Every structure is written in structure tokens, then in C-alpha cells.
Amino acid sequence: MARRVFDQKGRWRSKIVAFRMSPEEDAQLETAVRLSGLTKQDYIIKRLQERDIVVVGNPKVFKALYKEMATIQTKLMELGAGEGVGDELMETIHCVAVTLEKMMEVDSSE
């Protein structure tokens with residue numbers, strides 16, 4: 001029999017929850033998860049429970065921020081004159097900005 005794996009609070013997570021997403025929604029979720037530094041499971045649980053996502057700066061988060069900023073820069077450079085920035089790109093920019101803002105708040109409080 002497999003050994004039970006408990007979470008940090010000693011709870012055994014035995015329930016599976018699954019749902020469908022569009023490729024665009026999945027990309028947004030993946031970006032938010034990468035920028036949070038959390039696992040996808042922990043990120044979704046915290047969001048569903050309306051708990052704050054506390055981003056702790058570490059090499060993984062900084063690398064994700066760097067990659068997202070490079071992606072944003074590439075997409076912005078590809079836009080032609082008069083073209084608007086799409087909703088998905090604006091959501092990514094917002095996610096990066098909020099992550100950086102929260103990290104600066106934590107850094108300044110220390």
C-alpha cells in the first residue's frame with residue numbers, strides 16, 4: 001500500500017478536482033503560477049480560498065520575471081502602428097507589475 005502524503009498542516013489530500021480551460025486561460029494560469037513561485041496546486045487553492053499570494057523572491061521567481069518581461073518586450077515590438085495591446089498581453093503585464101510591486105513592498109518592510 002502506498003504511503004500517505006500529508007500537507008504542511010498534517011492534512012491528507014485525498015480529493016481530486018479537475019476542470020477544463022481554454023489554451024489562453026491555461027497560459028494565463030501558467031504565467032501566474034510561475035511568477036508566484038508556488039506549485040500550481042498551492043496557487044489554485046490559495047486563490048479559491050481568497051488568500052493572499054505572497055511572492056518570495058528567489059532565483060526561480062526572478063528567472064520567471066525575466067522571461068515574462070522578455071516575452072512582453074517581444075510582443076510589444078511586434079505590434080504594428082495603430083494596433084492595440086490585446087487583453088491577454090495586458091493581463092500578463094498586470095501580473096508582472098503586481099508581482100514586482102508586492103516584492104518591493106516585502107523588501108522595503110525588512
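Heavy-atom basis, side chains included; hydrogens, waters and symmetry copies ignored. All of these numbers come straight from a predicted model, not from anything done at the bench.
- Atoms NZ and CD, from K63 and E68 in turn, are 13.0 Å apart once rounded to the nearest 0.5 Å.
- Pairing each heavy atom of C95 with each of A32, the nearest pair is SG-CA, 3.9 Å.
- Residues L29 and I44 meet the side-chain proximity criterion, which asks for heavy atoms closer than 4.5 Å.
- One finds the CD atom of E88 at 9.5 Å from the CD atom of E25 (value rounded to the nearest 0.5 Å).
- In the hydrophobic cluster analysis, where Ile, Leu, Val, Met, Phe, Trp and Tyr join through side-chain heavy atoms closer than 4.5 angstrom, F19 is grouped apart from I16.
- Between I72 and V96, the shortest heavy-atom distance links the atoms CD1-CG2, 4.1 Å.
- Residues Q28 and T92 are not in side-chain contact: their nearest non-hydrogen atoms beyond the backbone lie 4.5 Å or more apart.
- Taken from CG in L65 to CG in L100, the straight-line distance is 5.0 Å, to the nearest 0.5 Å.
- With Y43 as the partner, the side chain to side chain contact (heavy atoms under 4.5 Å, CB included) test is satisfied by one option alone out of R47, K46, Q41, K40: R47.
- Taken to the nearest 0.5 Å, the NZ atom of K75 stands 9.5 Å off from the CD1 atom of I93.
- Looking at V33 and L38, their side chains never come closer than 4.5 Å, going by heavy atoms from C-beta outward.
- One distance of note links CG of D26 with CZ of R20; it measures 13.0 Å at 0.5 Å rounding.
- In this structure, the separation between NZ on K67 and OG1 on T71 is 9.0 Å, given to the nearest 0.5 Å.
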CA sep, side-chain torsions, deciding dist, call: T31, R34, side chain to side chain contact (heavy atoms under 4.5 Å, CB included)
CA-CA 5 Å; T31 298; R34 270 194 312 276; 3.4 Å; yes

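- Under a hydrophobic-cluster definition in which Ile, Leu, Val, Met, Phe, Trp and Tyr are linked whenever side-chain heavy atoms come within less than 4.5 Å, directly or via other members, V98 and L89 are assigned to different clusters.
- You'll find the side chain of M77 reaches within 4.5 Å of the side chain of Q73, heavy atoms only.
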